[in-house]
2 protein chains.
Amino acid sequence: MTDLAQRRVTIPGRRQRVTISDLAESLGLAKGTVSRALNGYPDISESTRLRVKHAAEAMGYSPLSHAQAIRTGVVRSVGLVLQTTEHDGHRPFLASFLAGISEAASEADWSLTLATASSNEDTERVLGRLVGAHKADGFILPRTYMDDPRIDFLKKNHVPFVLFGRTRDPEGCAWYDIESEVAIEEAVCILYGLGHRRIGFVPGRDGYTFSELRLEGYRSGLAMCGLPDAPELIGQGALNPEAGEAAARELLTLENPPTALVFSADRAAFGGYTAAETLGLKIGRDVSVVSYDGLLEGGMLSPALSTFSVDMRQAGVRLTELLIRRIRGEAPEDLRELAQARFVARGSHGQPSMSPAELARRVSKELKSQGRN
Amino acid sequence: MTDLAQRRVTIPGRRQRVTISDLAESLGLAKGTVSRALNGYPDISESTRLRVKHAAEAMGYSPLSHAQAIRTGVVRSVGLVLQTTEHDGHRPFLASFLAGISEAASEADWSLTLATASSNEDTERVLGRLVGAHKADGFILPRTYMDDPRIDFLKKNHVPFVLFGRTRDPEGCAWYDIESEVAIEEAVCILYGLGHRRIGFVPGRDGYTFSELRLEGYRSGLAMCGLPDAPELIGQGALNPEAGEAAARELLTLENPPTALVFSADRAAFGGYTAAETLGLKIGRDVSVVSYDGLLEGGMLSPALSTFSVDMRQAGVRLTELLIRRIRGEAPEDLRELAQARFVARGSHGQPSMSPAELARRVSKELKSQGRN
DNA sequence: TCTGTTGCCGAAACCGGTTTCGGATCTTCT
DNA sequence: AGAAGATCCGAAACCGGTTTCGGCAACAGA
């Protein structure tokens, strides 16, 4: 007995489910005929089609999707592998994302097969398992990298997929993405419009496509406003509060510090609040902050975080629709869609209350007084 | 052509997947023999079993789970229907819950089929759809009610399930639950130990089993400490910040107000912070707060919320293990498990700084001064 | 009237597995 | 040596659907 033997399960109540043969028999038709009637084949007369349809409803018949799948090769399920590591920012809006996917899937009478993984390697393993057993007909790939091994794997195995994000080589890829670079650009312009002239930026983590795009957005924002490109104003990558705090502190203790900070991610911005506090600065007054993600928790901070909000439910819906179309054979080039984030102005940004020089003096005084204690 | 016709999908690349027949042919065996070898039947010699196993690995064979399901009746998938309504508190720890389920499912080579619904009625509809197409072999039912229609439905259809929670009639039910009533009881005792003598309680919403249990926990906590049962100290049910604020405000503006509040849910406690602020009270000093859920966001508040933390990953793992055993035929009575929440002492509770009478004076003075403005 | 079409359905193969049944070999015992 | 078991595997049925193929009947056209 190998371990496989133990995997087998006994059939429980074996309750009597209405099969297509039952239905056919009670109608006096061949089961093939019933199948074609239910699936809308043109060689079935309208009258029998209706007769079958009504009988099916009356008898409560619904086909087993896996029985259909054995012949059609389609299990009517979209796959999603989530990475649940700490620095993973999509946890907060996970519920609405899943709701969007599930909603769109239900609409087409599909379902969602979900799995989680703890690392990039694990993700590939899990993906391999799901593909191997054909648990899903295609996959939504969240948080894509510029060079993404998942894409290579799925391409090689001819498994349909759609990216939530973009990637370096668009060949064969369908996607839906939020143009966060546009949002970051807008953030810079908003701050410029309020009078800020030194605007710092805390990027995301290397590798993620969105990180590079947001950095581009920052640069193009500066260019649009006629501000010089000052490399020292670009902090270290951060996607969580700890890293965000470190990055913000580094920027705010520069000799010529920024009076406003733009964060790539809300969770990093949360750390920015801590950094400001420890430097004796009040966000929204002494230093402006604009961020990206639109997390609800940002509203609980004081002042509430100004941020670009993303409609994750809608993202889930669109991704699912695109994926199903992709599975049905449409070309990936025709399945690409971009959307915009929406600015939620709350209390963390405003006009600069001091010049960079004054800010620097404030900070160094505060640091000195802390040093004495 | 009915709408059903459009649902059919074309088979794409039709890539050549290794079937059990391929494997059998290349081994010179009958496919039935190969199947029995892989599934550990005792009538296969050890030598052929190994030969088959190695060949399967070499050729990269993995059975289609839906092809197996057609004969065995088991699709190797656990089902979960989440309700994503606003007042739904489990959104924040959803990721770890799902990770737990997925992890335990993978361990047994099962997968997770997830769906969402927007209301109780919708939940039943979605559940019906999944059961109808046999998308899962059994279900995890989160957030159970004392009288839960989902339970009736699944029982009637002989579909295995396991509760995350408890219910009025335990007949035929397997479950895993956190004894939150014990936690609430402990919360009362902790506050009593610090010197509080009037301790208010904000329950959850009617219907949920956990709400009633936590209320019981509150009462038994009072009894254990020898405190009288004062009905006016029990606020209105609240599971979100808005309702929590209203409930807390009502309690704190009593003639003889509590100096400490116990909340059934963190999200309600968040509203308690707002209520305290608007009444000019500082949580942790003027009024103590202890809550339940262990949300990470509570740590971002100032002072950080003292709360009972629940290991949702572990809950997911145990629920899945219990469900799979249930599906394999074990009796529900043998599949019941309770666990405890863990107290996370942070900054929102402490010794009372004033008597209820002084507190009442403070509050009424604050209200008057607000009235004048 | 005879021949094509066309419309409609039955019969059977098929999908990729699992499970039952029976039979051939190989031991073991008398 | 012959009979009785035990061991191991092949053949075929089966699960619940889908799809192909062919034939019958009705109808149209010549």
Side-chain angles (χ1 to χ4, degrees), chain A residues 1 4-5 7-11 14-52 56 59 61-76 109 132-135 137, chain B residues 1 4-5 7-11 14-25 27-52 56 59 61-76 109 132-135:
Chain A
M1 299 276 279
L4 288 172
R7 289 192 341 193
R8 285 188 308 117
V9 300
T10 58
I11 292 141
R14 197 43 133 176
R15 71 184 171 291
Q16 62 308 344
R17 149 185 271 296
V18 182
T19 72
I20 198 169
S21 300
D22 299 337
L23 190 56
E25 194 176 0
S26 92
L27 281 166
L29 291 173
K31 71 172 184 175
T33 305
V34 172
S35 171
R36 278 170 301 162
L38 291 174
N39 289 309
Y41 275 64
D43 65 343
I44 303 290
S45 75
E46 193 56 32
S47 61
T48 34
R49 186 196 317 292
L50 281 176
R51 206 159 63 90
V52 169
M59 296 179 64
Y61 168 73
S62 83
L64 291 173
S65 60
H66 54 269
Q68 309 189 103
I70 191 185
R71 187 71 218 260
T72 61
V74 176
V75 293
R76 306 185 72 82
D109 202 19
H134 198 126
K135 288 283 193 171
D137 303 305
Chain B
M1 298 277 280
L4 288 170
R7 289 193 342 197
R8 285 188 307 116
V9 300
T10 58
I11 292 140
R14 196 44 133 175
R15 69 182 173 292
Q16 63 306 347
R17 146 186 275 296
V18 182
T19 73
I20 198 171
S21 300
D22 298 338
L23 190 55
E25 192 177 1
L27 281 165
L29 292 173
K31 71 172 184 174
T33 305
V34 173
S35 172
R36 277 171 301 164
L38 291 174
N39 289 309
Y41 276 64
D43 67 343
I44 301 290
S45 74
E46 192 56 30
S47 61
T48 32
R49 186 194 317 293
L50 281 175
R51 208 159 63 89
V52 169
M59 296 179 63
Y61 169 73
S62 83
L64 290 172
S65 60
H66 54 269
Q68 309 187 106
I70 192 182
R71 186 72 217 259
T72 62
V74 176
V75 294
R76 307 185 72 82
D109 202 19
H134 198 128
K135 287 285 193 170

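Basis for what follows: all heavy atoms, side chains included, without hydrogens, waters or symmetry-related copies.
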Separation of [X] atom [atom1] from [N] atom [atom2], in whole Å?
{"X": "A:I20", "N": "C:dG10", "atom1": "CD1", "atom2": "P", "answer": "13 Å"}
{"X": "A:I70", "N": "C:dA13", "atom1": "CD1", "atom2": "P", "answer": "17 Å"}
{"X": "A:R49", "N": "C:dC9", "atom1": "CZ", "atom2": "C1'", "answer": "13 Å"}
{"X": "B:Q68", "N": "C:dT19", "atom1": "CD", "atom2": "C1'", "answer": "13 Å"}
{"X": "B:N39", "N": "C:dG17", "atom1": "CG", "atom2": "P", "answer": "11 Å"}
{"X": "B:K31", "N": "D:dA12", "atom1": "NZ", "atom2": "C1'", "answer": "10 Å"}
{"X": "B:L50", "N": "D:dC9", "atom1": "CG", "atom2": "P", "answer": "12 Å"}
{"X": "B:L27", "N": "D:dC8", "atom1": "CG", "atom2": "C1'", "answer": "16 Å"}

Does [N] have OP1 or OP2 sitting under 4.0 Å from an N or O in the side chain of [X]?
{"X": "A:T48", "N": "C:dC9", "result": "yes"}
{"X": "B:Y61", "N": "C:dG17", "result": "yes"}
{"X": "B:S35", "N": "C:dT18", "result": "yes"}

Between [X] and [Y], which heavy-atom pair has the shortest distance, and what is it?
{"X": "A:H66", "Y": "B:A133", "result": "ND1-O, 4.5 Å"}
{"X": "B:I44", "Y": "B:R49", "result": "O-NH2, 3.1 Å"}
{"X": "B:K31", "Y": "B:S21", "result": "CD-OG, 3.6 Å"}
{"X": "A:D137", "Y": "A:G73", "result": "OD1-O, 3.9 Å"}

For this session: Output the single nucleotide from C:dC9, D:dG17, C:dG17 whose closest atom is nearest the side chain of B:L64.
Result: C:dG17

Exercise. Of the candidate nucleotides D:dG16, D:dT18, D:dG10, which contains the atom at the shortest distance from the side chain of A:T72?
Worked result: D:dT18

Problem set entry | Whether A:R76 side chain and A:D109 backbone form a donor-acceptor pair below 3.5 Å |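 Present.
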
For this session: Under 4.0 Å between any heavy atoms, over every strand shown, what does A:S45 touch: base, sugar-phosphate, or nothing? Just pick one.
Result: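 Sugar-phosphate: the residue A:S45, judged by heavy atoms under 4.0 Å, touches backbone atoms but no base.
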
Produce the list of close N/O pairs, under 3.5 Å, pairing protein atoms with atoms of nucleotides 20-26 of chain C; give distances to one decimal.
none

Exercise. Would a 4.5 Å heavy-atom cut-off, applied to side chains only, mark B:I70 and A:L64 as touching?
Worked result: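 With C-beta onward as the side chain, the pair stays apart.
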
For this session: Decide whether A:T33 and A:R36 meet the rule of one side-chain donor and one side-chain acceptor closer than 3.5 Å.
Result: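 Their side chains do contain a donor-acceptor pair, which is all the 3.5 Å distance test asks for.
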
